[in-house]
Amino acid sequence: MKLEKITKTPDARQRRRYEDACAAAHGMDLLGERWALLVVRELMWGPRRFSDLRSALPGISANVLTQRLEGLEAAGVLVRRRLPPPAASQVYELTEWGYESEPIFQALGRWAVRSPAHDPSMPLSAASLMLSLRAMFAAERVGGFAARIGLVVDGQAFLAEVANGRIAIAARAPDEADVVLAAEAPVIGGAIYGGVPLAALEADGVLEITGDRAVAQRFVTLYSLPPKVGTGPASALPERRDPVRHDDLPLTSTAGRNT
């Protein structure tokens, strides 16, 4: 009798866990599988079809994407639903709790962008760019500037509103915008974070600006990146903390305390 080796894919709820009471460790149980965090990132701006996610994450296979979606659904981070006719297609959407994970992306992005190994020339999705526009916004540069900026990125429409030193961004048609910038995500990222002149991008045919050009020019100056590790002045770096000595700790149990 010929024996066949059968490899079974473990159930999403039976994957490896850290078995650690720390809430941060449990967060890694939920989002620590490769690609899981990026799947959540792509859903931050609303429901997406399976094919939309594959397109936004070109390095992921269909099999791995299926596994990550199943795992995130089992964890309560996202849900599946079917759109009403005429679309009638299945989409994936974050739960209310899933949307609450956005600060993770902001904090992780601000921290990781300081790495000298960060390569901004790698693929960049529309969802990633829009999250960065929230995370890297420099309120101290705004002054009295207020405007509505439309962004059509990789065919997806967004409306950013700057007012009172803050920015709000929504996935919606930029019908009421003062200016609309249309381009691929890396192009807009190059203008905002790389200092590439808007006129040069227009001349190259990779950026289209419709509306108040002065607003567009002002908008791209509202962002700043923190210095790379080891390159900025000491005053720009986080305050160094002395290590905690065990003999300084109170003699009380810390069991069950979240991190």
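None of the values given here were measured: they were computed from a predicted structure. All heavy atoms count here, side chains included; hydrogens, waters and symmetry mates do not. If you read the sequence from its start, that first residue is 1, and numbering goes on from there.
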Donor-acceptor contact below 3.5 Å, side chain Lys228 vs main chain Val113 | yes

May I ask you to decide whether Glu102 forms a salt bridge with Arg134, counting only side-chain N to carboxylate O separations under 4.0 Å?
-> yes

Measure across Ile149 and Ala177 and return the closest heavy-atom pair with its distance rounded to 0.1 Å.
-> C-CB, 4.1 Å

Does Asp154 use its side chain to pair, donor to acceptor, with the backbone of Ser125 at less than 3.5 Å?
-> no

Is the side chain of Arg141 donor-acceptor paired with the backbone N or O of Thr221 at a distance under 3.5 Å, no angle test?
-> yes

Do side-chain atoms of Tyr223 reach the backbone of Tyr193 as a donor and acceptor pair under 3.5 angstrom?
-> no

Is it true that atom CD of Glu93 has more than 12 heavy atoms of other residues, nucleotides or ligands lying nearer than 6.0 Å?
-> yes

Using the rule that two of Ile, Leu, Val, Met, Phe, Trp, Tyr join whenever any of their side-chain heavy atoms come within less than 4.5 Å, decide whether Val152 and Val206 are in one cluster.
-> no

Does the ring of Tyr92 carry Arg80 above it, NZ/CZ under 6.0 angstrom from centre and within 45° of its axis?
-> no

Quick one: do Arg54 and Glu42 make a salt bridge, cutoff under 4.0 Å?
-> no

Please report the C-alpha distance between Thr210 and Leu181 in whole Å, then the side-chain angles of each, then the deciding distance to 0.1 Å, and finally whether the side-chain contact (heavy atoms from CB on, under 4.5 Å) criterion is met.
-> CA-CA 7 Å; Thr210 306; Leu181 285 72; over 6 Å; no

Is the backbone of Ala138 close enough, under 3.5 Å, to the side chain of Ser224 for a donor and an acceptor to pair up by distance?
-> no

Shared hydrophobic cluster for Leu159 and Val153 (ILVMFWY, side-chain gaps under 4.5 Å) | no

Could you grab the distance from atom CG of Leu129 to atom CZ of Phe158, nearest 0.5 Å is fine?
-> 8.0 Å

Would you find a donor on one side and an acceptor on the other, under 3.5 Å apart, between the side chain of Asn164 and the backbone of Arg166?
-> no

Should Phe219 and Val179 be marked as a side-chain contact (heavy atoms from CB on, under 4.5 Å) after you check the CA-CA gap, both sets of side-chain angles, and the distance that decides it?
-> CA-CA 10 Å; Phe219 175 68; Val179 65; over 6 Å; no

Euclidean distance, Trp45 CH2 relative to Leu94 CG, rounded to 0.5 Å = 12.0 Å

Answer yes if Ile167 and Val142 sit in the same cluster of Ile, Leu, Val, Met, Phe, Trp and Tyr residues linked by side chain heavy atoms under 4.5 Å apart, and no otherwise.
-> yes

Can you name the nearest heavy-atom pair linking Val220 to Ala191, along with the distance?
-> CB-O, 4.2 Å

Check for a donor-acceptor pair, side chain of Asp178 on one end and backbone N or O of Arg148 on the other, with a separation under 3.5 Å.
-> yes

Take atom CZ in Arg49; do more than 12 heavy atoms of anything else shown fall under 6.0 Å from it?
-> no

If two hydrophobic side chains count as joined below 4.5 Å and joins carry through other members, does Val77 share a cluster with Val91?
-> no

Rounded distance (nearest 0.5 Å) linking atom CD1 of Ile60 with atom CD of Gln67 = 9.0 Å

Heavy atoms of other groups near Glu184 CD, more than 12 under 6.0 Å = no

Contact check, side chains of Ser128 and Arg41, non-hydrogen atoms, under 4.5 Å | yes

Out of curiosity, does Ile192 fall in the hydrophobic cluster containing Phe145 (side-chain heavy atoms, cut-off under 4.5 Å, transitive links)?
-> yes

Distance in Å, Asp52 CG paired with Leu43 CG, rounded so as to fall on 0.5 Å steps | 9.5 Å

Interatomic spacing from CG in Leu201 to CD in Glu208 - rounded to 0.5 Å = 13.0 Å

Residues Leu72 and Leu31: closest non-hydrogen pair is CD2-CD2, 3.6 Å

Using distance alone, with no hydrogens and no angle criterion, decide if Ser121 and Asp119 have a side-chain donor and acceptor under 3.5 Å apart.
-> yes

Taking every heavy atom of Ser101 against every heavy atom of Gly98, the minimum-distance pair comes out as OG-O, 2.7 Å

